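The sequence lines fix the lettering, A, B, ..., with proteins before strands; numbering per chain opens at 1. What you are looking at is a predicted structure, and each value in this text was computed from that prediction instead of being measured.
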Amino acid sequence: MVFHDDLVAKRQQLIEKGIDPYPYSFTTTHTLTQIRQQEQALIEKDVAVAGRLTALRQQGKQVFFADLEDFDNRIQLYLKKANFTDAIWDAILLLDIGDWVGIQGKVFKTKTGELTIWALQLTVLSKAVVRVPISKEKGEKKFYQVSDEEMLYRQRYLHWITDREARQTMVIRAKIISAIRRFMENREFLEVTTPTLELIYGGASARPFETQVNALSNQKAYLRISPELPLKKFIVGGFPKVFTICQNFRNEGVDRSHNPEFTMMEWYEAFTDYQYQMKQFEDLVSTVVKEIKGDTKFTYQDTALDFTPPWRRLTILDAILEYGKLDVNQLSDAQLAAKIKELDPEFDIPDPFSRGHAIDFLFEHLVEEHLVQPTFIMDHPLAISPLTKKKRGNPELVERFEPFVMRMEIGNAYSELTDPVEQYERLKAQRAYDAHSIKQDGVVHHPVDIDFIRAIGLGMPPTGGVGLGIDRLVILLTNQNSIRDVIAFPLLRAEDETAK
RNA sequence: GGGGGCGUAGCUCAGUCUGGUAGAGCAGCAGCCUUUUAAGCUGUUGGCCGGAGGUUCAAAUCCUCUCGCCCUCACCA
């Protein structure tokens with residue numbers, strides 16, 4: 001059992017002494033941060049505070065010093081037997097690190113100058129029956145801090161209890177999302193909700209999670225891999241500026257920058273193209289960075305990043321030329337295939353050969369690792385971008401950009417394809433290319449969504465559409481290593497309880 | 001899926017190379033200490049050493065399999 005016998009026994013003893021270890025409410029007058037901020041005014045004043053005990057230092061039979069921690073601060077308590085009834089003092093003797101208590105008392109300073117609350121009343125707010133592994137700390141140094149990463153991910157609540165910084169990561173995450181909303185609302189975008197459960201998935205190239213709807217004769221359904229197609233239906237329906245912040249689900253690899261479920265923001269704006277949106281993207285992100293960091297420059301893990309607009313703009317072909325020293329336009333299909341084999345002998349080159357996919361391959365292998373500062377990679381090959389308008393003046397490319405920071409793709413955007421006839425052909429072409437992957441894993445990656453084709457058939461105005469990976473932005477702004485650090489409850493393999 | 005690392009008490013770790021039957025600090029428990037703050041001092045309870053099998057007189061330690069986590073490569077066109 002996960003409970004600790006001695007703690008369960010203490011809970012029972014509290015109950016037997018007439019003390020409710022799990023009461024209904026407690027009224028506080030201040031947070032601990034407020035007490036520190038208003039220190040001068042509060043000395044010798046009565047306050048009521050609540051928090052979790054993080055240290056207990058008994059001093060003889062009559063006195064305890066304790067540390068109390070609330071959401072973002074910690075303060076010392078002074079507990080003296082003479083101030084309490086025997087029943088409460090008995091309860092105090094049954095307290096452990098990790099228990100929640102409410103304190104009414106006076107603010108004072110000890111002779112060593114430590115701001116302290118002299119407790120005159122103590123209310124047990126919650127008796128923990130699982131031992132809480134709170135670390136000790138001296139200044140910045142921490143001792144015995146939980147370091148088992150598996151435990152910190154599986155039991156995130158434990159991570160938050162034991163590490164104020166882990167709590168702060170969630171606060172910053174919330175502030176980022178809030179700043180994004182504010183920016184979009186200031187520009188008169190309408191926040192809309194799109195379905196998580198869909199009968200046809202689309203808008204990205206990814207394998208979906210499958211489920212079924214019992215009430216609809218076990219109709220097969222999928223979890224959204226992207227909100228793109230429903231958002232475009234909003235545009236068709238006459239909403240000129242829409243955005244959504246939602247979970248996407250992709251049944252693919254899990255690693256430091258991929259969780260099966262992740263948070264995406266997408267927006268669509270009628271009458272604009274990708275050039276307009278590139279500017280809007282750097283405006284949005286630099287505004288958010290400035291709001292969170294106080295500046296458009298900050299350091300991520302020893303790397304100084306500068307988000308000040310304008311960001312570098314580089315076409316995908318120029319990027320391959322610059323970092324890979326390859327001029328794709330001067331190379332034949334055979335030469336490209338040879339180059340791919342050279343970079344990855346295992347790679348299964350599709351037949352028929354696709355220059356578009358070859359360019360994508362070369363970009364990933366030669367360029368991505370160099371994209372540290374915020375950079376827009378633009379003008380991708382048509383073959384890998386079925387939802388995008390052809391580039392004006394070059395029908396083999398499309399009007400698309402992907403912003404990169406710290407080698408991570410943090411977004412994706414297009415001049416959206418609005419010609420319904422061409423859209424239908426392009427989706428069918430993509431599906432034909434998928435025959436290649438169907439052979440490999442038996443999954444049809446891209447069913448053609450006829451409803452979507454019909455929607456844009458009703459007339460879709462020119463539209464710029466943009467996606468932004470929220471989790472990856474949070475990784476950068478919270479200086480974390482992994483997407484697991486910024487997703488509250490990342491997906492892990494089921495624990496085998498019988499093995500424990 | 002490949003390669004590497006890790007898994008020992010509630011927590012942090014030692015012990016593994018060179019098998020000899022499990023240790024420390026903190027927490028807990030019993031005391032001492034009426035302003036301490038990683039409080040201190042004395043004593044003390046905790047562990048089927050992730051799981052299963054094997055080798056051996058003897059396995060935390062060596063071997064095989066297996067579960068989980070981390071890193072990395074691949075996959076994710």
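- An OP1 or OP2 oxygen of B/C71 is reached within less than 4.0 angstrom by a side-chain nitrogen or oxygen of A/Arg484.
- Nucleotide B/U44: paired with B/G28 (Watson-Crick or G-U wobble, both distances less than 3.5 Å).
- Across the C1' atoms, B/G3 and B/U8 are found 26 Å apart, a figure rounded to whole Å.
- To the nearest whole angstrom, the two C1' atoms, one in B/U35 and one in B/A30, are 25 Å apart.
- Under the ring pair (Phe, Tyr, Trp, His ring centres under 6.0 Å) criterion, A/Phe361 pairs with A/Phe347, A/His365, not counting sequence neighbours.
- Listed by chain and number, the residues in a ring pair (Phe, Tyr, Trp, His ring centres under 6.0 Å) with A/Trp160 are A/Phe489 (sequence neighbours excluded).
- Annotated as syn: B/G46, whose glycosidic dihedral is within 90° of 0.
- Residues A/His258 and A/Arg472 form a side-chain contact, since some pair of their non-hydrogen atoms from C-beta on lies under 4.5 Å apart.
- For the pair A/Leu492 and A/His258, both in contact range of RNA chain B, the more 5′-proximal nearest nucleotide belongs to A/Leu492.
- Judged as a side-chain contact (heavy atoms from CB on, under 4.5 Å), and not counting sequence neighbours, the contacts of A/Leu477 are A/Ile176, A/Val288, A/Val289, A/Ile292, A/Lys293, A/Phe298, A/Leu473.
- Taking atom P in both B/A24 and B/C41, the straight-line distance is 16 Å, to the nearest Å.
- Ring geometry for A/Trp89 versus A/Phe64: interplanar angle of 30 to 60°, hence tilted.
- The nearest whole Å value for the distance from the CG atom in A/Leu343 to the P atom in B/A77 is 19 Å.
- B/C17 and B/A60 have their C1' atoms separated by 14 Å, given to the nearest Å.
- For the pair A/Arg256 CZ and B/C73 C1', the interatomic distance rounds to 13 Å; values are reported in whole Å.
- A donor-acceptor contact closer than 3.5 angstrom is absent between the side chains of A/Arg52 and A/Ser126.
- Both distances falling under 3.5 Å, in either a Watson-Crick or a G-U wobble arrangement, occur for no nucleotide opposite B/A58.
- At whole-Å resolution of the value, CG in A/Leu95 and C1' in B/A27 are 15 Å apart.
- Partner assigned to B/C69 is B/G5, using Watson-Crick or G-U wobble distances below 3.5 angstrom.
- In this structure B/U18 sits in no base pair that meets the Watson-Crick or G-U test at under 3.5 Å.
- Note on A/Arg207: every side-chain N or O is 4.0 Å or more away from OP1 and OP2 of B/C75.
- Remark: A/Arg400 pairs with A/Glu402 by the salt bridge (Lys or Arg N to Asp or Glu O under 4.0 Å) rule, at least two apart or across chains.
- Taking atom C1' in both B/A52 and B/A9, the straight-line distance is 23 Å, to the nearest Å.
- Taking atom NZ of residue A/Lys81 and atom C1' of nucleotide B/C33, one finds them 15 Å apart after rounding to whole Å.
- In this structure A/Tyr78 satisfies the ring pair (Phe, Tyr, Trp, His ring centres under 6.0 Å) test together with A/Phe65, A/Phe108, A/Trp118, sequence neighbours excluded.
- The salt bridge (Lys or Arg N to Asp or Glu O under 4.0 Å) analysis of residues 374-383 of chain A, with sequence neighbours excluded, yields the pairs A/Asp379-A/Lys391.
- Within 4.0 Å of A/Arg154, counting heavy atoms only, lie sugar-phosphate atoms of the nucleic acid but no base atom.
- Checked by atom type, the side-chain pair A/Thr31/A/Asp70 shows no donor-acceptor distance below 3.5 Å.
- Across all strands shown, B/U64 pairs with B/A52; the Watson-Crick or G-U wobble distances both stay below 3.5 Å.
- The C1' atoms of B/G43 and B/C33 are separated by 16 Å, rounded to the nearest whole Å.
- We find that CD of A/Glu369 is positioned 15 Å from C1' of B/U72, with the value rounded to whole Å.
- Rounded to whole angstrom, the span from the CG atom of A/Asp163 across to the C1' atom of B/C11 amounts to 14 Å.
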Give every pair of a protein N or O atom and an N or O atom of nucleotides 1-10 of chain B that lie under 3.5 Å apart, one pair per line with the distance.
{"residue": "B/G10", "atom": "O4'", "partner": "A/His4", "partner atom": "NE2", "Å": "2.9"}

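- By the ring pair (Phe, Tyr, Trp, His ring centres under 6.0 Å) test, A/His4 pairs with no residue at all, sequence neighbours left out.
- Between B/U12 and B/C6, the distance separating the two C1' atoms is 15 Å to the nearest Å.
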* Let me have a per-nucleotide readout for nucleotides 34-42 of chain B, 5' to 3', with B, S or -, counting only protein heavy atoms under 4.0 Å. => BBBBBB---

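- Each of A/Arg493 and A/Ser482 was assigned the nucleotide of RNA chain B with the nearest heavy atom; the assignment lying further toward the 5' end belongs to A/Arg493.
- At a threshold of 4.0 angstrom between heavy atoms, the contacts of A/Asp96 are confined to the sugar-phosphate backbone, with no base atom among them.
- Between B/G15 and B/C57, the two C1' atoms lie 23 Å apart (nearest whole Å).
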